[in-house]
Student: 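Below you will find the structure I want to go over with you.
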Amino acid sequence: MVPSKCRPAVAGARPGHAVSANNYGLQLVLQSTSAAERTKPLEFRLHKEQPYLHNRFLQHDLEKNYPGKQAPNFADIPGMEVKYGAGSLATFGDSSFPNPSKYRLQQGCHNASPNISVHRTAEEKMQHSDRLTLERQKLTVCPIIDGEEHLRLLSFQHNCITRIQNISNLQHLVFLDLYDNQIEEISGLTTLRSLRVLLLGNNRIRRISNLDNLVSLDVLDLHGNQIAIIENLHHLSDLRVLNLARNCLTYIENLNGLDSLTELNLRYNQIRIVKDVDTLPCLQRLFLSFNNISRFDDILCLADSASLSDITLDGNPIAQEAFYKHTVLHHMMQLRQLDMKKITEEERRMASVALRKEEEKRRESHKQTLLKEKKRLTISNIAHQWESQQNRSAHLPSSQENNEDNESSQNSRSTPYVFPEETRSLDSLLNKGTQGLPVLDSHLVEIEGDTVYLYGSGALESLDRNWSVQTAGSITTISFNFIDFDEIVPVLPKLRIRFPNSLHLKFKENNLAVLKQFNALAQLRRLEQLTVDAQGNPVVTFTLWKYYVMFRLGHFNLQKINGMEVTQNDMVMAENLFGVLAYVASSDVPYCRLLSFLGDCRKKQLCYLLEAKGKKLGTASEDGNDRRKLGGENANRLALNYTTRDSQTEKLEEAKDRKDFCHSYIQDLVKEAADINMKNESLQKLWPQMFIELVRDAVIEIRNKDSYMKLCLQRIASQKS
């Protein structure tokens, strides 16, 4: 565009001097030529040297000085030269566009009348035959310009024009400047087929339209408007500069067909995603400063552009990332400038090394994220299985009761089977919900620091695997999650062997419902801390549960329970509350069973205690000092033990088998005794007669003494032979 400063400062300037618009980033060099030379085509050249870069920094400074406002100068158009034919470029002078105050604007140039016209004298036309500027004239419409069909450069900047009109007769126009007006729609340009530069910055345009016939357009400036979509540009194959800065763009696309585009300015928009830039074969400079780009994935197409050499991304959220520069340089090796700073080979090398390290960290971080997600999904699956199991367990007893109460009714007999069907449907829903998960493990073992976490009953099997001495020795805390306490009890003796330095147990979702379950913890080697989560452990709602733990596990000298310090007063209170219970329990325990509790290593100590007191173990007269001679756990408390449901079931079955065996054995004994008694009664009845017959036979045999003796000798001889 043409600045107001380019008007001649000295009246009567020489016609041979050039025109300069350098303050706006646009160099326009014109030299008066003969009529024959004017028929030659215009030549445009885009500057890539330092003056262009200088103007960019100038614009940056202006934007800092005028935050939130339109900068007074425009530096978003690159340097450009316009030259007639083979004429040489003149030095910048002050003979710019002629002073518009000389021109006669008939019928009131300050009114909104549509009949405004411009007339120049013959001398003025001779001096500036192909140029006309009407800057800062408060025009609301484009005036009628008669007899000026040869015009090539026309400027209406800094007016109040709302519509482009009355210029359709200027078919030789190559430069049209309508900067800083109030134009809302692009129109009235259909006949301007020779137009090469169109400057419509700082207007009110909402859509890009009606440019179909401007196929020769080289520079298009639409900065400072209200455009939200890039459209209707695919036919501008000769367009080299496109300025869409300070608009309302959020998504960059529809750039296909701009095969000659070398510079694209998109600064100060709300752009989040950039596409189609890789389809521009000649694009060299792309300005994306001060937008809303926050991810490298949203500008991946830039890496596929082979021609791009200069790009700006400063002022975007992405530019705040630690490895912003390294990432850009790694993916766009062809860049020569980034954010207006030249890129050196050392910076490229450092970027490659740093990015390689960052990629390794990112892969490791991604791996850790996947492991965490796998852990979360596994725990979630275990929790679903646990919840399903608890629901079945909670409703099973009620179903069995309903079955017993309604045994005689056919409808009632089908009632107990309703809940299992419901649970099966719940399980099927859970299975369907977890089919898409990458992990469906039913248990998990995890070691974090000095803590081993066990999730699911299957995790208890890990206690049997070969643990390294160093790992097992470093474990001080064991956490049980989503495991029924009755399944934990059998492995408690393994803990003191597998993890000899374990001091802290944690329980969460373990069905700890009664106080006697804590008796099983006495099997441990030592215990200093105990944590029982209220979730899934109803026993925590009991008021005295902590005191019972202190009493039953008093030989461990507990330091903390659920994070609370255990004091001496707490121990005294626990002894007072539950001491009598231990005496009552131990008084009914047979001596032989108590010996099995104590084990072989304590039998002698128990015998010493019995001999010293001479009384039955567990009487109230036994004092605390003698109890300590047992060395560790008190004998009375040993009677307070816990049997799991499975063990109890096995013992009941064993007792039933023993009872059946005893019953059968007694029946056999009774039957045998009855037979013996019957035989005895029969013998008593027959004995008198049998005795008489025995005596008679004896008398008959010994009646003849010689024959009897002979018979006896024969019997003896026959036995010997």
Side-chain angles (χ1 to χ4, degrees), residues 360-396 420 422-468 470-492 494-495 498-499 502 504-513 517 529-540 562 644-646:
E360 292 176 359
K361 291 181 180 179
R362 193 171 300 171
R363 282 195 296 268
E364 183 64 24
S365 176
H366 182 64
K367 181 180 178 181
Q368 294 299 326
T369 302
L370 290 179
L371 290 177
K372 289 181 180 179
E373 182 64 14
K374 178 180 179 180
K375 171 188 172 183
R376 187 190 67 81
L377 294 173
T378 301
I379 294 176
S380 177
N381 182 51
I382 295 171
H384 284 313
Q385 293 180 359
W386 171 263
E387 183 179 356
S388 176
Q389 179 183 353
Q390 296 309 303
N391 289 336
R392 285 196 297 268
S393 300
H395 291 272
L396 187 58
E422 293 176 353
T423 24
R424 284 196 296 271
S425 63
L426 176 62
D427 292 339
S428 62
L429 289 176
L430 290 175
N431 291 333
K432 290 179 181 178
T434 55
Q435 278 178 359
L437 301 178
V439 176
L440 284 177
D441 294 336
S442 60
H443 66 275
L444 174 66
V445 181
E446 183 183 22
I447 297 178
E448 289 186 5
D450 60 351
T451 304
V452 57
Y453 294 89
L454 305 176
Y455 296 90
S457 58
L460 297 176
E461 300 176 0
S462 64
L463 299 178
D464 295 327
R465 73 183 186 186
N466 294 326
W467 292 73
S468 66
Q470 183 178 1
T471 302
S474 64
I475 300 300
T476 60
T477 303
I478 304 174
S479 178
F480 298 95
N481 303 273
F482 304 106
I483 307 175
D484 194 276
F485 186 78
D486 285 356
E487 297 182 18
I488 299 174
V489 172
V491 304
L492 289 176
K494 298 179 182 179
L495 296 182
R498 186 63 64 190
F499 307 112
S502 59
H504 186 188
L505 291 186
K506 293 182 178 180
F507 294 95
K508 180 180 179 181
E509 292 285 1
N510 306 107
N511 278 339
L512 275 168
Q517 288 177 300
Q529 294 187 51
L530 179 65
T531 302
V532 182
D533 197 298
Q535 186 176 352
N537 297 309
V539 71
V540 179
N562 275 16
T644 64
R645 289 190 295 268
D646 294 339

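If you're wondering where the values come from, they're calculated on a predicted model, not measured in any experiment.
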Student: Using modelled atom types only, decide if a donor and an acceptor are shared between the side chain of Asn391 and the backbone of Glu387 within a distance under 3.5 Å.
Tutor: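 Here the side-chain-to-backbone pair exists.
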
Student: How close do Ser502 and Leu495 get, counting heavy atoms only, and between which atoms?
Tutor: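 Result for this residue pair: OG-O, 4.4 Å.
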
Student: By ring pair (Phe, Tyr, Trp, His ring centres under 6.0 Å), which residues pair with Phe507, not counting sequence neighbours?
Tutor: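 Expected list: Phe480, Phe485.
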
Student: Tell me, do Ile447 and Ile475 make a side-chain contact under 4.5 Å, heavy atoms counted?
Tutor: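 Yes, close enough: below the 4.5 Å cut-off.
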
Student: How long is the gap from CD on Glu373 to CG on Leu370, to the nearest 0.5 Å?
Tutor: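 CG of Leu370 is found 8.0 Å from CD of Glu373.
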
Student: Donor-acceptor pair, Thr471 side chain versus Trp467 backbone, under 3.5 Å?
Tutor: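 No.
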
Student: Please report the shortest heavy-atom distance between Pro538 and Ala513, naming the atom on each side.
Tutor: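 Heavy atoms of Pro538 and Ala513 come nearest at CD-CA, 4.3 Å.
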
Student: Do His504 and Lys506 have side-chain heavy atoms sitting under 4.5 Å apart?
Tutor: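 Side-chain contact under 4.5 Å: yes.
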
Student: Looking only at non-hydrogen atoms, find the nearest pair between Leu454 and Ile483 and report the distance.
Tutor: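 Where Leu454 meets Ile483 most closely, the heavy atoms are O-CD1, 3.8 Å.
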
Student: Are any side-chain N or O atoms of Thr369 and backbone N or O atoms of Ser365, one a donor and one an acceptor, separated by less than 3.5 Å?
Tutor: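 Yes; judged by distance alone, with no hydrogens or angles, the pair exists.
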
Student: Measuring from Leu444:CG to Leu377:CG, what's the distance to the nearest 0.5 Å?
Tutor: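 Leu444 atom CG to Leu377 atom CG measures 11.5 Å (nearest 0.5 Å).
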
Student: If every non-hydrogen atom of Val445 is compared with every non-hydrogen atom of Ala459, which pair is closest and at what distance?
Tutor: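 Looks like CG2-CB, 3.7 Å.
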
Student: Any side-chain donor-acceptor pair under 3.5 Å between Gln389 and Gln385?
Tutor: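 No, no side-chain donor-acceptor contact under 3.5 Å.
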
Student: For the atom pair CG (Asn381) and CZ (Phe482), what is the distance rounded to the nearest 0.5 Å?
Tutor: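 Answer rounded to 0.5 Å: 11.0 Å.
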
Student: Does Arg498 come within less than 4.0 Å of Asp464, counting only side-chain N to carboxylate O?
Tutor: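 Looking at Arg498 and Asp464, the cut-off is not met.
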
Student: Report yes if some heavy atom in the side chain of Val532 is under 4.5 Å from a heavy atom in the side chain of Asn562; otherwise report no.
Tutor: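 SC-SC contact between Val532 and Asn562 confirmed.
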
Student: Please check if any side-chain donor atom of Asn511 sits under 3.5 Å from a side-chain acceptor atom of Gln517, or the reverse.
Tutor: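 Asn511 vs Gln517: no donor-acceptor pair found between side chains.
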
Student: Distance from Gln535 atom CD to Asn510 atom CG, nearest 0.5 Å?
Tutor: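 That separation rounds to 10.5 Å.
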
Student: Roughly how far apart are Tyr455 OH and Ile382 CD1, rounded to 0.5 Å?
Tutor: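 With rounding to 0.5 Å, OH (Tyr455) is 8.5 Å from CD1 (Ile382).
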
Student: Suppose the criterion is salt bridge (charged side-chain N to carboxylate O under 4.0 Å, His left out): which pairs have a residue in residues 444-461, not counting sequence neighbours?
Tutor: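 For residues 444-461: Lys375-Glu446, Lys375-Glu448.
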
Student: With Glu364 as reference, evaluate Lys361, His366, Gln368 under the side chain to side chain donor-acceptor pair (under 3.5 Å) test and give the passing residue.
Tutor: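 By the side chain to side chain donor-acceptor pair (under 3.5 Å) criterion, Glu364 pairs with just one of Lys361, His366, Gln368: Gln368.
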
Student: With a 3.5 Å cut-off and no angle check, do the side chains of Arg376 and Ser380 form a donor-acceptor pair?
Tutor: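 Per modelled atom types, Arg376 and Ser380 side chains form no pair under 3.5 Å.
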
Student: Give a yes-or-no answer on whether the side chains of Asp533 and Thr531 include a donor-acceptor pair shorter than 3.5 Å.
Tutor: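 Side chains of Asp533 and Thr531: no pair found under 3.5 Å.
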
Student: Using the salt bridge (charged side-chain N to carboxylate O under 4.0 Å, His left out) rule, collect all pairs that involve residues 482-492, keeping only residues at least two apart or in two chains.
Tutor: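 Passing the test, one end in residues 482-492: Asp484-Arg645, Asp486-Arg645.
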
Student: Checking Asn481 against Ser479 for the side-chain hydrogen bond (donor to acceptor under 3.5 Å, both in side chains) test, could you report, in this order, the C-alpha distance in whole Å, the side-chain angles of both residues, the deciding distance, and whether it holds?
Tutor: CA-CA 6 Å; Asn481 303 273; Ser479 178; 3.1 Å; yes

